[in-house]
Novice: 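Right, I'll just put the structure down here and ask away after.
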Amino acid sequence: MAVALTAKDADDWTYRGEGAVNLVLAYAGNSAEFVGKVLRIPKVSTNGSHLENGHSALTPHECLLWKDTADLTSAPTREIAEQLYVQHVMCPLLGSEHVDAGMRILVSKEFLVAIEKKVLSQRPSWRVKAAKVNPLCDSVLLISDHSVFPHGTLKGEFSLCVEIKPKCGFLPTSKFIAEGNAIKRSVTRFKMHQALKLHDRMISEISEYDPLDMFSGSRERIHRAIKALYNTPQNNFRVFLNGSLIFGGLGGGTKSTNYMVGQDFEDALKHVIMAEDGMRTEKLLELITEALFRSGLLDRLLEVQKLDAIDIEGVIHAYHDIVSQPCLVCRKMDADEFTNRYATLHSMPMEESLKIVRDYLIAATAKDLSMMLSFQPQQRGDVDSPNGALFLKSTNQSFDLKVSFIDLDMKPFKKVVYYYELDQQIVHFYVQMVETEPWLEITASNQEMRDSNESILL
């Protein structure tokens, strides 16, 4: 961590976007050391009673949880532990060729304060109200900018990158799901959460996107999923041209998230998609579909998501055993329900409880990550590309293809309780909504029948 960024360096970094935990900045300067890189800067809640400086290590329970993972528990700071989590846990699961664990670089407080002021007007207002740049961090994460090819801007060529949040791609079947929550077995978490977000005005319209389409293995259903994401991108679908955002939202919000629409977007695509005017957007969606269908990475991602084998309604019991506290969930049920459904969870050895929670948190990372698909048209006479190659028949074009996973944050052990409470809130709201508007359940059942018929035909 020899490099140190100071206040004068803030001018070289531009706002790229943000999630719940980090601000993302792209490099716009001329230093070869940073070209093709982005910074991930931790945020802190504006309502917090104190600021975290990153020097706190893992909690005792987290050390117990990750004791078998190399170097993780001995990391001097939480920030370093999170980087090691990506390197030692997520890289082997998702493939080291698709994951960049990054490196930490030193930053001054003045740099962080300057960045906070610089990006304030570009951030969504609800993000500004919720969190700000943490001025007490002394280092930040530097990783590859997956929205561009390493050589793209240097050669003056055009590259296109699509960022997708696939979300959870399966329906839980756990026997530990309460009878009142049985709808979880037939309606996706994404669909139910959309209803709650609309009610809370976090979004302005319901997305038609269905993660089950994305993870179906069917080219037709994947294409349907991509079209739905394009039609209602929210913060789940973004497009970059040479690293600059041309479609989607910077940080999510209640309003329309389109940065470019219609003809403007079509015009922007002309540098990459060789098709007639009015057809480039459709060809782009087709290109994305082919990349996802052929890469096989959705299958790999789904395997990691399915480490959540017993659902949060089972995991919460293992969590309470680890912290050696009375299970608050079991307190609310009668003796027969406890004996028939949950007693086995509370009689397991500690190692099994740890594995359940550990696997759940890894799956939570996989459900919350983003995929970056970068495309660059191959020129005639190109030598073999170091990246994968993809041919789009409808435009008679060959593309270099690079697929990466980002936003692989380690989920805090203490958030298991929050995940349980949010899950219950989402499900209970959706159940109440179905009771008042029964047609929603009929619609979901009809969609499930259509998907089942398509699977049979395929």
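Fair warning: this is a prediction, and the values are worked out from it, not measured in the lab.
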Novice: Scan side-chain atoms only and decide if Arg358 and Thr69 contain a donor-acceptor pair under the 3.5 Å cut-off.
Specialist: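 No, Thr69 and Arg358 have no side-chain donor paired with an acceptor closer than 3.5 Å.
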
Novice: Do Asn231 and Glu208 get their side chains close enough for a donor-acceptor pair, meaning under 3.5 Å?
Specialist: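 The criterion, which ignores hydrogens and geometry beyond distance, is not satisfied for Glu208 and Asn231.
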
Novice: Consider only side-chain N and O atoms of Ser74 and Asp71, and report whether a donor and an acceptor are under 3.5 Å apart.
Specialist: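 The criterion, which ignores hydrogens and geometry beyond distance, is not satisfied for Asp71 and Ser74.
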
Novice: Between Ser370 and Glu163, do the side chains contain a donor N or O and an acceptor N or O under 3.5 Å apart?
Specialist: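 Indeed, the side chains of Glu163 and Ser370 share at least one donor-acceptor pair under 3.5 Å.
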
Novice: Keeping the roles fixed (side chain from Asp9, backbone from Thr6), state whether a donor-acceptor pair exists under 3.5 Å.
Specialist: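 Yes: the side chain of Asp9 pairs with the backbone of Thr6.
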
Novice: Hey, mind stepping through Lys67 and Glu351 against salt bridge (charged side-chain N to carboxylate O under 4.0 Å, His left out) and telling me if it holds?
Specialist: CA-CA 11 Å; Lys67 59 183 171 59; Glu351 286 301 317; 3.3 Å; yes

Novice: Are the side chains of Leu284 and Tyr230 in contact, using a 4.5 Å heavy-atom criterion?
Specialist: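 No, their side chains stay 4.5 Å or more apart.
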
Novice: So, does Gln194 use its side chain to make a donor-acceptor pair with the main chain of Ile206 at under 3.5 Å?
Specialist: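 Side chain of Gln194 to backbone of Ile206, a donor-acceptor pair under 3.5 Å: no, none is there.
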
Novice: Work out which heavy atom in Ala26 is nearest to a heavy atom in Asp145; give both atom names and the distance.
Specialist: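 Nearest pair, atom of Ala26 first, then Asp145: CB-OD2, 4.4 Å.
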
Novice: Show the nearest heavy-atom pair for residues Pro211 and Pro166, with the distance to one decimal.
Specialist: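 Closest pair (atom of Pro211, atom of Pro166, distance): CB-O, 3.7 Å.
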
Novice: Please check this pair: side chain of Gln83 against backbone of Gly102, looking for a donor-acceptor N/O pair closer than 3.5 Å.
Specialist: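 Checked: pair present.
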
Novice: State, yes or no, whether a side-chain contact exists between Glu110 and Val113 at a heavy-atom distance under 4.5 Å.
Specialist: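 Of all side-chain heavy-atom pairs linking Val113 with Glu110, none is under 4.5 Å.
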
Novice: Salt bridge (charged side-chain N to carboxylate O under 4.0 Å, His left out) for Arg78 and Glu62? Distances and angles first, verdict last.
Specialist: CA-CA 11 Å; Arg78 185 172 197 90; Glu62 287 174 326; 2.6 Å; yes

Novice: Heavy atoms only: give me the nearest Cys327-His317 pair and the separation to one decimal.
Specialist: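 Closest pair (atom of Cys327, atom of His317, distance): SG-ND1, 3.3 Å.
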
Novice: Mind checking the CD1-CG spacing from Ile356 to Leu65? Nearest 0.5 Å is all I need.
Specialist: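 Those atoms lie 11.5 Å apart.
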
Novice: Side chains of Ser244 and Asn242: is there a donor and an acceptor less than 3.5 Å apart?
Specialist: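 No, because no side-chain N or O of Ser244 sits under 3.5 Å from a partner of the opposite role on Asn242.
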
Novice: Taking the inter-plane angle between the rings of Phe429 and His199 on a 0 to 90° scale, is it parallel (under 30°), tilted (30 to 60°) or perpendicular (over 60°)?
Specialist: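 Ring orientation, 0 to 90° scale: tilted.
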
